[in-house]
Amino acid sequence: MGFLDPYAGPWTDTEAAHLARRAGFGAAPATRATMVSQGMSAAVDSLVDYSPTDAPLEALVAGLPGTGENAALQNPTTGGQLEGWWLYRMVHSTQPLQQQFSLFLHDTLVSEYTKLSNTVTTAMNNGNDGSQTGQSCTKVSGGLAPDANRQRAKVIALLMQQNVIFRTQGHLNYRDLLRTITRDPAMLLYLDNRLNIKGNAQENYSREVMELFSMGVGNYTEEDVREIARAFTGETLDSSCANNWPYSYLYNSSQHDTNSKTVFGSTFNFAGAGQDTEYVIDLIANRISNSGITPAHAVYPATSLYISWKLLTWFVSETLPISHAAVPELADYFYNNQPNGYRYDVRETLRKLFKSQLFYDSAYVYHMYKHPADFVTTALRVLGLEETSYTSSAISALRTMGMQLFDPPNVAGWNHGSIWVNSGSLISRFNYANRLSGSSIATDAWVDNLITSGAVANYDDNTGILEFFRARLIQAPLTAEESTAFSNFYSGIIGGTPPASQSEYRRKVRGTLHLMMTMPRYQLK
Amino acid sequence: MPQSRRTFLRVGISSLAYFTVESTTPSWIVRAANAMSCNCTCDGRILVILQLAGGNDGLNTVIPRTDPVYYDSLTRPNIRVASGSEINLDGANGLHPKLSDVANWFQSGHAAIINNVGYVNPDLSHFTSTDYYETGSVPGQIKPTQGWVARYYDSACVGAADSNALFMTAAGISSVPGSFAGPTSYTPPAVSSASSYSLQASSDGTLRRAAITALNAAPTVDPDLMFIQRTENTAEASIADIATAAAQPALVPAGSYTTDSLGNGLKLVSQVIRAGFPTRVFYVSQSGYDTHATQVQAADPLNLGDHPRLLGNLNQSLHAFLTEMQLSGNLNRVLVMTFSEFGRRVKENSSFGTDHGAANNMFLLGGWLNSGVYGGQPDLVNLIKGNLKHQVDFRSVYAMVMEQWLSASAVPVFGQSVYDTVLQPDFAKINFVKTASAAARNWEHYQ
């Protein structure tokens, strides 16, 4: 019996909630009820079969009225606005897997805002941008001034462009995605390949593309790193005055090393533009694992194993080891199953995973740690709250929780699992919960609507209040001690003598919102 | 060891009798005087681990200024530190001019450098090699599940009377570093920003805080829920202390520290130390050293580019920190130790940068050490695939810090056989801690 055999167990609210927490950002009870009535297979299909364009979301963004925050969410001009630009889309997406999976790809095929910012600033100061007087280029029309704004705008444009690649192409073919990202301008800047020229070829991209983007350590030698660096020479950016906004890819044949290269024992030297690079990506994608993890692993391409493992650690368990037998099983599907006629079909692999018995194994349920974007996005989505400051308060909360979108700590992305939880990040999580419970977000109208909508019977319906939040934030039953903590809180507010006033009712609701997000269970998914 | 420690303490405390304990007496002295039974932090000594993340180019940090190979046109024609612009340390070695304050600390006896630090069969992956440095292990070993500082804590300090939530503190970074990962009995705090390190409640603060505490103490056997509860306990236990520390006034002008994670981190470390907490080990980090391209800029290689910028920030924040330690009378009980996952390739690449390398240097800064450059000169001729060979195992430096500085045996941390065959033979090459009798050393601390 395989780990990826179709799940055939119960399909109730419990399992639908698990799927929603992992493949999206949680779901409110009504959405879960729909998922239950659909059945497991159709519920997974409706998550996985997302469109490259989330039309309702785009319409929402386009229709944002006014200036300030709204304008920033449409066209960010600072780093914080860029982060808010994405967070807003996570919160309002009608295709949550598209956003969760884009985050997976950002975390796998990393670029960092900080590095791009330093690099672009230097490049522009050295004069290939045209925004400065006395330099050879003329100012690009529509450009911003002064120069610091213009430099920042360029970095933002580059990272938005990369995000769009993940959002619109990430679910297709992973081999193709590797080719695309290799020539993505943000990546050419981030891992320096734009400066990789013949002579003493530079190894940054050649090493990381193998170590982190495809095969993982143990499948290549230092000699392979050096040879691939030579194969990648000349893959750069067009920095001419006409084409430098934001930057476009250019193959510069005069800087390409035309001596023969030997990679994994294969010797080649192609004459066509960029052909060496494409050949190398194919070599990487098809190279059989030689890392000797287990005999079952040894027959699959290292990339199929490594990316399958990354998928499993993102969606099933951060601590699942690469030696786990589910890894070659998923790799086999990823590489050999070709319903659409090509290998490395990401969407079909995700579908297989979300329908597998492994995915619903109770050993994994509630044993992953919410990353900061999960923590924030889930609460806003399932409670139907609207953040009033995506581009400032919300993203600064994310940063102090340890996740600055578009700026992971290094080329390996964020560390996941229990490392998300430390004293400082917990304090930030708790304080963000407090922010949501404030009257500017959990408004009087929102709080009172719990009664209007019938979720809570009256001001004294503590059970109704508790249940409203439990069903959305925790889903699991509360323990006796947890229930007691809430009932003590409620008695503290009304001083032991019902009936509660409207203001006491509102304090109870807002306190419950805050407190439930501080529960250890809410940190997990 | 325990017996001699106790004897040593009595000597120390009797010498305290010559002092009047006034309000200006650093509180760690009072704490030390009161902590008769402590076995871990009672001597007040502090280790600050400073990570230079990304692989610092050691050869452009400490320049082998008399080695013609360094200046050869085939080695680093574009990125080398031009002859004569380095700051001479000891004739054979010079510092990058951006490290001018560090050079002054070196000349005044407060800095040591160990060259040629590394390990066998060096790995050129950032993450694999960082893992070795954080766990204190090398290729071929089974990777320990705990960081090397966590193993030190478990072997020497569990249950120490005066250890508190701040015992190991990550400052300026938003996660617990690998070196601290996995102590058996507590979770170390991570304080990325002291100003946001407090629990807020928009109303019903007392009631909400009581409920948070209760919700984070509900009995469970789930290991993940228990871990989160333990972490929440650490947060609650450390909030007031961090606030106390953050209230410590600066002893250097505003702007002395850089405003990055390094500067923010060292500033907080200084405040925690000056506030008198018995914190034993701190961890701060500066990132950006992965200088494959534009490590320097052609227009002005000494001042422009990523490496001069990073070294300038490092110099500035280290100088601010050491100055505050000196002004507050804490310099003699502080040791800063830098590490980086690897050095960089001896030859530059075509991008005005350097690719991943192997052996590197480590810096030690503080009041109680012998200035000098240890570990020998780098051999720029006999390379392994273009990279420097190591002469000193990095674990030997850790072990010496543990034994000579923290007064704890390194054997439980690294194992007897590694200790005997690898670490101990290195000790003679790197003896940077000032030696003195226990009594004299203790006396010196209390000055």
Side-chain angles (χ1 to χ4, degrees), chain A residues 114-115 118-119 122 126 191-192 195-204 207 211 217 222 225 366-367 369 400-402 409-412 415 418-419 421-428 430-431 434 437-438 479 481-482 484-486 488-489 492-493 507 510-511 514-515 518-521 523-524, chain B residues 53-54 124-128 170 174-176 187-193 196-204 207-208 210-212 214-220 222 224-225 227-229 231-232 234-235 238-239 287-288 290 292-294 297 299 306 347-353 355-356 385:
Chain A
T114 300
K115 161 82 181 261
N118 287 332
T119 302
T122 300
N126 286 345
L191 289 180
D192 301 314
L195 298 173
N196 181 21
I197 57 178
K198 67 184 180 186
N200 289 326
Q202 180 244 109
E203 300 168 3
N204 202 3
R207 178 186 307 280
E211 178 176 340
V217 292
E222 286 302 316
V225 171
Y366 274 122
H367 283 291
Y369 286 76
T400 55
M401 292 176 206
N410 57 50
V411 64
N415 289 311
S418 61
I419 201 153
V421 168
N422 59 67
S423 64
S425 69
L426 265 190
I427 288 169
S428 300
F430 292 7
N431 288 342
N434 177 57
S437 77
T479 66
E481 291 82 2
E482 288 165 345
T484 303
F486 283 103
N488 288 343
F489 175 69
I493 283 179
R507 284 161 62 198
R510 293 195 171 109
H514 178 186
L515 295 174
T518 72
M519 288 175 62
R521 174 75 69 191
Q523 317 314 315
L524 301 175
Chain B
L124 271 59
S125 155
H126 291 291
F127 308 100
T128 307
S174 57
S175 63
V176 173
T187 60
V191 189
S192 64
S193 155
S196 60
Y197 201 79
S198 66
L199 280 179
Q200 299 155 5
S202 52
S203 73
D204 300 311
L207 285 171
R208 288 193 192 180
I212 290 173
L215 289 168
N216 280 277
T220 176
D222 182 306
D224 290 315
L225 296 177
F227 168 75
I228 297 167
Q229 290 184 345
T231 308
E232 196 274 343
T234 294
S238 56
I239 284 171
S287 60
D290 193 21
H292 288 276
T294 55
Q297 291 182 37
D306 292 330
K347 279 176 73 167
E348 69 180 34
N349 61 32
S350 301
S351 311
F352 278 66
D355 293 317
H356 299 184
K385 293 181 181 165

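Note: hydrogens, waters and symmetry copies are ignored here, and every other heavy atom, side chains too, is used. Computed from a prediction, not measured in an experiment: that's the story for all the values here.
Rounding to the nearest 0.5 Å places CD of B:Glu232 at 9.0 Å from CD1 of A:Ile427.
Applying the ring-ring contact (aromatic ring centres under 6.0 Å, His included) test to B:His292 and every residue at least two apart in sequence or in another chain returns B:His356. Applying the salt bridge (Lys or Arg N to Asp or Glu O under 4.0 Å) criterion to B:Arg208, with sequence neighbours excluded, gives no partner residue.
Within the 4.5 angstrom heavy-atom criterion, atoms from both the backbone and the side chain of B:Val176 approach chain A. Using a 4.5 Å cut-off between heavy atoms, B:Ser175 touches chain A through backbone and side chain atoms alike. Both the backbone and the side chain of A:Ile197 come within contact range of chain B, judged by heavy atoms closer than 4.5 Å. For a residue to count as touching a neighbouring chain, one of its non-hydrogen atoms must lie under 4.5 Å from one of that chain's; by this rule B:Ser193 does not touch chain A. Neither the backbone nor the side chain of B:Ser287 comes within less than 4.5 Å of any heavy atom of chain A. Proximity to chain B is absent for every atom of A:Asn415, based on heavy atoms less than 4.5 angstrom apart. Interface remark: B:Thr220 contributes no atoms to any contact with chain A (heavy atom separation under 4.5 Å).
Looking only at distances, a side-chain donor or acceptor of A:Ser423 sits under 3.5 Å from a matching main-chain atom of B:Ala190. Judged by distance alone, with hydrogens and angles left aside, the side-chain atoms of B:Ser351 form a donor-acceptor pair with the main-chain N or O of A:Leu195 at under 3.5 Å.
The closest side-chain donor-acceptor pair between A:Asn434 and B:Ser202 falls under 3.5 angstrom.
Looking only at side-chain heavy atoms (C-beta outward), B:Ile228 and A:Leu524 come within less than 4.5 Å of each other.
In plain terms, the two heavy atoms of A:Thr479 and B:Ala218 that are nearest each other are OG1-CB, 4.3 Å.
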